[in-house]
Protein chains: 2
Amino acid sequence: MKATIKDVARLSGVSISTVSRVMNNPELVVPRKRQRVLEAIRELHYSPNALARGLIHKRTGTLGVLIPDISNLFYPAVLRGMEDAANQSDYNLIICNTDTSTVRRNSILKVLYEKQIDGVIWTSEPLSRNSYEMFDTLDFPVVLAATHSPDYEIPSVRVDDEQAAYDATVYLIKRRHTRIGMISGPPNDPISGYPRIQGFLRALRDHHLQFDESVCVEFGKYHFEDSYEAMKRLHGKYPEMTAVFASSDERALAAISYLHENQIRVPDEISVIGFDDTRMAGMSFPRLTTVAQPLYNIGYLAVDKLLKVINENPIEELRTCVPHQIIERNSVIDCTQRAVIK
Amino acid sequence: MKATIKDVARLSGVSISTVSRVMNNPELVVPRKRQRVLEAIRELHYSPNALARGLIHKRTGTLGVLIPDISNLFYPAVLRGMEDAANQSDYNLIICNTDTSTVRRNSILKVLYEKQIDGVIWTSEPLSRNSYEMFDTLDFPVVLAATHSPDYEIPSVRVDDEQAAYDATVYLIKRRHTRIGMISGPPNDPISGYPRIQGFLRALRDHHLQFDESVCVEFGKYHFEDSYEAMKRLHGKYPEMTAVFASSDERALAAISYLHENQIRVPDEISVIGFDDTRMAGMSFPRLTTVAQPLYNIGYLAVDKLLKVINENPIEELRTCVPHQIIERNSVIDCTQRAVIK
DNA sequence: CTGAAAGCGCTTACAG
DNA sequence: CTGAAAGCGCTTACAG
């Protein structure tokens with residue numbers, strides 16, 4: 001049996017109030033008694049029951065994290081950042097997979113609510129009206145990570161997707177590519193789809209590159225094989241393309257695989273730039289040039305912000321936009337060098 | 001303010017006992033009252049406080065998962081399996097990173113203990129005497145995932161590392177490779193180091209391949225760059241090698257990167273086989289042939305087993321060994337074909 | 001079938 | 001400085 005505060009009180013010959021005090025306000029207890037209590041605690045391997053404490057303080061020191069699917073390689077770094085931030089403030093994380101299902105989301109939120117979670121991080125997915133109302137009626141403090149809400153006043157931490165896509169495209173243009181394709185996520189995805197396509201198109205437009213959206217963009221859903229097929233279609237309809245912007249590292253690797261397997265050299269014939277900078281980006285051949293999201297920081301800052309909301313500390317800005325950055329590796333070549341090699 | 005059972009009792013004009021009953025044993029309450037209570041619950045958005053319940057039942061429905069580092073790409077699939085198993089039985093998971101630090105482990109275990117976690121999954125790391133004693137005195141139900149303990153009677157779920165390494169090596173030998181190198185983890189690692197080296201050597205021995213361990217094995221610690229360097233050293237001292245067994249997919253990708261970057265064709269000149277079958281394995285070029293661990297299942301079964309221990313259901317076997325399997329992709333070629341190509 | 005009471009393991013005014 | 005008491009939000013014998 002686990003020892004309780006009563007056992008400690010009995011063994012040290014004081015009341016449970018006193019035991020409680022030596023744990024929470026030791027200076028209120030005379031040293032002699034304090035010692036006796038401390039000894040009893042040690043002897044009994046006593047440690048306080050967080051449920052009882054939580055009941056009184058209305059705090060549990062645990063946060064809920066909702067992500068679409070932990071097996072997506074985008075999350076390991078993000079979650080590590082969240083964990084570290086939580087850990088630093090003595091919080092724990094309960095991580096749950098929603099599989100983008102509303103039903104699942106509801107049932108998760110219900111049990112987290114019962115477990116008296118102090119707040120939740122909502123990751124990646126756009127925040128529907130329905131989700132918003134759920135958080136609102138449950139009165140959950142929420143922070144959005146790697147997503148944001150233009151419609152509701154909810155704190156968020158993410159990258160400027162439109163601008164990042166713009167910069168990635170400009171990076172290619174600066175290297176004299178003029179015929180650039182894109183492998184995108186679903187156009188109705190308000191995070192990794194729509195804004196990145198817009199950024200891509202804006203860059204082309206700004207540089208007076210003629211383009212026809214229907215020939216230079218192809219869509220791969222989330223997984224590798226989809227994007228592999230998308231690359232095949234893209235290459236089929238736009239064979240003169242010299243570079244491609246893929247809106248995730250996974251899509252970029254799929255594109256590279258397709259090219260390799262069809263004897264098209266990367267980057268000598270076609271350059272590829274990715275998005276995210278997951279760990280895989282450094283492990284491919286050629287190593288992937290990509291626009292990095294500060295994944296770890298996104299996670300870290302999101303939890304940090306949530307903790308501020310919970311503790312009613314002021315937060316500097318509602319929607320924080322963390323900087324992206326192009327990581328140059330070996331999958332992009334200057335288009336003129338390309339000509340030489342050829 | 002959150003509604004409590006008292007609010008529901010007041011609104012529906014019954015005692016809290018009755019409210020409690022409609023939640024837990026509705027058949028004990030007359031339909032008329034039951035309806036009234038149900039309505040009040042809905043009206044107040046009432047949902048029971050799991051802390052109060054946990055205090056009484058001495059159960060929280062949450063499990064602790066200790067892993068070395070969630071940002072390792074080995075874990076996403078394992079954790080997904082754990083999550084699904086937990087979810088299916090209405091349990092939640094608190095995931096914590098130990099960074100292989102004893103201090104960190106102790107502090108994590110302390111708070112999980114206070115939070116009255118129902119049990120813990122200990123992942124990947126070998127179970128030291130010290131850890132064992134910790135679990136023992138805390139009286140935590142524990143299951144080991146992707147590791148096991150020869151010394152203590154603790155349930156575990158993992159692959160037979162020695163045999164899997166043996167099979168991977170035999171796979172190369174069957175394809176007529178006779179000069180095979182290995183990129184291994186640290187030899188003192190009782191999971192991904194020692195047994196896999198032993199399996200590798202046993203395969204060579206069984207097939208009468210002459211070998212000198214000091215020339216055909218090199219060590220890369222955990223990360224990519226280490227293994228890249230290890231591959232460089234291995235190739236330097238064993239240039240006639242035609243195939244390499246890497247004891248993780250990450251090591252295999254590092255080996256492939258090294259070979260590519262030095263214009264050594266894979267698999268045409270040197271074949272590479274990996275270990276784990278993480279998602280990256282399908283995304284590399286060439287796609288990686290590897291010995292798969294059933295990562296998802298390891299996670300799923302470990303939680304399943306832990307739940308059985310917690311509920312005092314019998315478990316079929318203390319140490320379950322899940323089957324490994326070689327996934328053939330494109331990074332290994334028959335050594336005779338290799339000669340032809342050359 | 002239902003309510004009052006005790007209790008789960010704590011914390012925190014309130015007296016003294 | 002310290003103890004008795006009330007209370008956090010529930011569940012569960014025990015009477016009736």
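Each chain gets a letter, A, B and so on, in the order its sequence line appears, and its residues count up from 1. This is a predicted model, so every value here is computed, not measured.
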**OP:** Step by step, work out the side chain to side chain donor-acceptor pair (under 3.5 Å) result for R105(A) and S131(A).
**Re:** CA-CA 9 Å; R105(A) 179 207 65 192; S131(A) 297; 2.5 Å; yes
**OP:** Take Y91(B) and E83(B), measure what side chain to side chain donor-acceptor pair (under 3.5 Å) needs, and give me the verdict at the end.
**Re:** CA-CA 9 Å; Y91(B) 274 76; E83(B) 269 286 322; over 6 Å; no
Subject >> CA sep, side-chain torsions, deciding dist, call: F74(B), S124(B), side chain to side chain contact (heavy atoms under 4.5 Å, CB included) >> reply: CA-CA 10 Å; F74(B) 176 84; S124(B) 285; 4.1 Å; yes
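The one candidate from I67(A), L127(A), I154(A), V143(A) that meets the side-chain contact (heavy atoms from CB on, under 4.5 Å) condition with W122(A) is L127(A). Here the options are I94(A), I310(A), N92(A), the test is side-chain contact (heavy atoms from CB on, under 4.5 Å), and the partner is L63(A); only I310(A) passes.
The side chain of L55(B) approaches dC8(C) more closely than any other nucleotide in the set dC8(C), dT2(C), dT2(D).
The shortest distance between the side-chain N/O atoms of K33(A) and the OP1/OP2 oxygens of dT2(D) is below 4.0 Å. The side chain of S15(A) contributes no N or O atom lying less than 4.0 Å from OP1 or OP2 of dT2(D).
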**OP:** Treat primed atoms plus P, OP1 and OP2 as sugar-phosphate and everything else as base, then score nucleotides 10-16 of chain C 5' to 3': B for base contact with protein heavy atoms under 4.0 Å, S for sugar-phosphate contact only, - for none.
**Re:** BBBB---
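In this structure, P68(B) and R80(A) approach most closely via the heavy-atom pair O-NH2, 4.2 Å.
With a 6.0 Å cutoff to the six-membered ring centre and a 45° limit on the axis angle, K2(A) does not count as a cation-pi contact of Y46(A).
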Original post:
When Watson-Crick pairs (N1 to N3 and N6-O4 or O6-N4) and G-U wobble pairs (N1-O2 and O6-N3) count only below 3.5 Å on both distances, what is the dot-bracket string of DNA chain D, with | for other-strand pairs?
Top reply: |||.||||||||.|||
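Side-chain atoms of N25(B) do not come within 3.5 Å of backbone N or O of E27(B) as any donor-acceptor pair.
Look at NZ on K2(B): it is 13 Å from C1' on dC8(D), rounded to the nearest Å.
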